Amino acid sequence: MRKTLNLFILLLVAPPAFLFAQDDLLKELEESTPKDTAYAFQTFKSTRLVNGQTIETKSKGTLEFIFAHRFGAINDGSYELFGLDQAHVRIGLEYGITDRLGIGVGRSSFDKIVDGFLRYKVFKQKKGASNFPFTMTTFGSVSYKSSPKDGIEDIDRLAYTGQLLIARKFSPRISLQVMPTLVHRNAVDKLTENNNQLALGMGGRIKVSKSIALTSEYYYRINSNPNTLNHNALGLGIDIETGGHVFQLVMTNTRGTLERAFITETTGEFFDGGIHFGFNVTRTFQVRKK
Amino acid sequence: MKKILLVYFFAISVAGFSQKLVLDQSSVSFYSHAAIEDIAAENKSVTALFNIKSFEVAFSIPITKFQFAKSLMQEHFNEKYMESDKYPKSTFQGKIEGYDHLKSELQYVKAVGKLTIHGVTNHVQLPGTIEKQEGRFRIRSKFTVILKDYNIDIPKLFFQNIAEQVEVTADFIFKPQ
């Protein structure tokens, strides 16, 4: 008897409960939809943080033209118009073979270096249905120093860089990156330098508006030769994004825009006025369909 | 006893569900005319429900799934305009008005309800059509979204002259569950 009563009550109560559930169609829709995975996008505005690389790869079928410019040091004095008389330029191209794999080439006027590189995005930061806390890109490059013209064997002109770039976009405004790096130069002056230079880079960006971000980057040389005459590379910058262009205005103690140059051959002392003003300009073209 | 109960609940749930139609095919696209280049994107990852008894309709659009011809444009759209990190979805919830059950040909109707874009909800009336096709309902709508109404800013540094409104086209085909 009691059972039947219970059932009776249940039958009375149940249908209205079902009707209520239908009231909020949107809620029902959200609940019936499987959870999405959201990948972090635009952790950085550019493939360069200041001098060095970021985890960003070019999307499939896009070509980036990069023009990087570094003036001489501010403490060169008025004779050199505080560095403006000298200028070092790197002109480069980078192409996205896939959304994760990129290939690039460049030519720097500083030491007349030709470089080629590959980068591959191994992990992507994501949240939602599946989670991963950071994005990791591997970067490898070869460079050939063609200056001076004579007197050096080809093999001694080469240097290699291997890098892990690990970044997390903490919020739409703040992204941080660490970059353990190994630079191998085939020929060095063993009294003051090492063939293998390990370095740990750290950097990040803070967006101050939708189109402007402040950036910084520091490469600490871990095993630097005790007699080294060079310094750790420090760079500060402002990213300005205008449609297909990104302008990066930088202040740094190095003339180099390549890992071999700014990690192992930085001559300026930042806090002693050895600062080079410079800029990177990138332009992105969609050359093939996505 | 248990069997009766099961049958009873099954009957109720079938009755409840059968009023609701789910998406068979969908496409939401938008178009905006701009000085340098027109901006267009399409989204095929929309989800929607349609109740044929109450004529309520709801849809949800994952913003990052809009596909642009240019990757960079897609990134800017998510990062600068829609702020997809913060507002991953746009939704609509409302009721279709002006539909005559007795007619089977294409009818002009309007959907009245709440449209949420970029975290801002506005009451809107979306003009559209309904067409019954062998148990399926095709609902189409074309409407204009004024960016300012949804607090979508156009960064001043953008050289492209971007239009302050976009034309949205939605095309849904619903089928019984």
Side-chain angles (χ1 to χ4, degrees), chain A residues 3-4 6-7 10-11 14-15 17-19 21-30 32-34 36-43 45 56 58-62 64 96 99 127-128 169 171-173 207 209-212 240-247 282-290, chain B residues 1 4-5 8-9 12-13 15-17 19-20 22-23 36-37 45 47-51 53-54 56-60 62-65 67-76 78-81 83-86 88-89 91-95 113-114 116 153-160 162:
Chain A
K3 236 182 180 176
T4 325
N6 276 347
L7 180 65
L10 196 65
L11 294 187
F18 273 99
L19 289 177
Q22 290 166 20
D23 257 12
D24 199 334
L25 205 59
L26 186 61
K27 208 169 165 190
E28 194 185 323
L29 176 64
E30 300 284 336
S32 65
T33 313
D36 247 2
T37 299
Y39 291 95
F41 50 85
Q42 279 217 328
T43 305
K45 288 187 186 296
E56 297 294 344
K58 301 311 293 177
S59 305
K60 184 183 174 186
T62 60
E64 179 184 72
D99 284 345
K127 65 175 186 191
K169 189 178 186 182
S171 73
R173 288 180 64 207
K207 263 165 67 177
S209 78
K210 280 184 183 166
S211 301
I212 298 177
I240 303 167
E241 188 177 44
T242 61
H245 290 97
V246 180
F247 297 93
T282 63
R283 169 81 205 181
T284 299
F285 304 93
Q286 188 89 35
V287 293
R288 275 188 60 200
K289 272 197 157 179
K290 283 201 295 180
Chain B
M1 181 59 96
I4 297 173
L5 209 62
Y8 180 78
F9 277 110
I12 288 178
S13 55
F17 274 104
Q19 297 174 359
K20 262 168 246 160
V22 293
L23 268 185
I36 292 174
E37 53 188 334
S45 306
T47 55
L49 280 177
F50 175 44
N51 186 326
K53 202 147 202 189
S54 64
E56 283 173 300
V57 66
F59 61 80
S60 174
I63 299 300
T64 54
K65 300 282 167 64
Q67 297 298 319
F68 290 70
K70 291 186 171 181
S71 312
L72 193 65
M73 213 181 247
Q74 190 166 332
E75 278 180 28
H76 288 160
N78 285 300
E79 176 82 3
K80 295 191 170 197
Y81 296 96
E83 301 180 82
S84 307
D85 280 333
K86 274 193 244 169
K89 279 175 178 169
T91 58
F92 175 80
Q93 180 172 31
K95 209 165 183 176
K114 291 183 284 187
T116 304
D153 297 331
I154 299 167
K156 289 185 186 69
L157 272 169
F158 258 56
F159 291 156
Q160 286 122 318
I162 289 167

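The figures here come from the full heavy-atom set of this structure, side chains too, leaving out hydrogens, waters and symmetry mates. Computed from a prediction, not measured in an experiment: that's the story for all the values here. Here is the naming used below: chain letters follow the sequence lines, and residue numbers restart at 1 for every chain.
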Student: Below 4.5 Å, heavy atoms only, C-beta onward: do A:Gln286 and B:Met73 meet side chain to side chain?
Tutor: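 Not in contact.
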Student: I need the A:Leu26 CG to B:Glu56 CD distance, nearest 0.5 Å.
Tutor: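 These two atoms lie 11.0 Å from each other.
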Student: So do the side chains of B:Gln74 and A:Ser59 get within less than 4.5 Å of each other, counting heavy atoms only?
Tutor: no
Student: Please identify each residue that fulfils salt bridge (Lys or Arg N to Asp or Glu O under 4.0 Å) with A:Glu56, with sequence neighbours left out.
Tutor: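 So A:Glu56 forms no salt bridge (Lys or Arg N to Asp or Glu O under 4.0 Å) with any residue.
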Student: How far does CG of B:Leu49 sit from CD of A:Glu28, to the nearest 0.5 angstrom?
Tutor: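 One finds 5.5 Å between CG of B:Leu49 and CD of A:Glu28.
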Student: Could you give the distance from CD (B:Glu75) to NZ (A:Lys45), rounded to the nearest 0.5 Å?
Tutor: 10.5 Å
Student: Sort B:Pro62 into side chain, backbone, both or neither according to what part of it lies under 4.5 angstrom from a heavy atom of chain A.
Tutor: side chain
Student: NZ of A:Lys27 to OG1 of B:Thr91: how many Å apart, nearest 0.5 Å?
Tutor: 14.0 Å
Student: Considering only NZ, NE, NH1 and NH2 on the basic side and carboxylate oxygens on the acidic side, decide whether B:Asp85 and A:Lys169 come within less than 4.0 Å.
Tutor: yes
Student: With a 4.5 angstrom heavy-atom cut-off, which part of B:Val22 approaches chain A: side chain, backbone, both or neither?
Tutor: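 Neither part; nothing is under 4.5 Å.
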Student: If you apply the rule side-chain hydrogen bond (donor to acceptor under 3.5 Å, both in side chains), what do you find for A:Ser211 with B:Lys80, and how did you get there?
Tutor: CA-CA 8 Å; A:Ser211 301; B:Lys80 295 191 170 197; 3.0 Å; yes
Student: Pair A:Thr284, B:Lys70 - check side chain to side chain contact (heavy atoms under 4.5 Å, CB included), show working.
Tutor: CA-CA 10 Å; A:Thr284 299; B:Lys70 291 186 171 181; over 6 Å; no
Student: Need one label for B:Lys114: side chain, backbone, both or neither, based on atoms under 4.5 Å from any heavy atom in chain A.
Tutor: neither
Student: Determine, stepwise, if the pair A:Asp36 / B:Lys65 fulfils salt bridge (charged side-chain N to carboxylate O under 4.0 Å, His left out).
Tutor: CA-CA 11 Å; A:Asp36 247 2; B:Lys65 300 282 167 64; 3.3 Å; yes
Student: Taking the side chain as every heavy atom from C-beta outward, state whether A:Glu241 and B:Glu79 have any atom pair closer than 4.5 Å.
Tutor: no
Student: For the residue pair A:Leu25 and B:Gln93, what are the closest heavy atoms and their distance?
Tutor: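 Shortest heavy-atom separation between A:Leu25 and B:Gln93 comes out as N-NE2, 3.4 Å.
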Student: Are the side chains of A:Gln42 and B:Asn78 in touch, meaning some heavy atoms are under 4.5 Å apart?
Tutor: no
Student: Please determine, among A:Thr33, A:Asp99, A:Thr62, A:Leu29, the option with the most heavy-atom pairs under 4.5 Å with chain B.
Tutor: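 Heavy-atom pairs under 4.5 Å are most numerous for A:Leu29.
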Student: Where does B:Thr64 contact chain A at under 4.5 Å (heavy atoms): side chain, backbone, both or neither?
Tutor: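 The side chain, not the backbone.
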Student: List for me each residue that meets salt bridge (Lys or Arg N to Asp or Glu O under 4.0 Å) alongside B:Lys86, sequence neighbours excluded, and say none if there are none.
Tutor: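 Scan of B:Lys86 (salt bridge (Lys or Arg N to Asp or Glu O under 4.0 Å), adjacent residues dropped) gives B:Glu83.
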Student: Hey, is CZ on A:Arg283 packed in by over 12 heavy atoms from elsewhere, all under 6.0 Å?
Tutor: yes
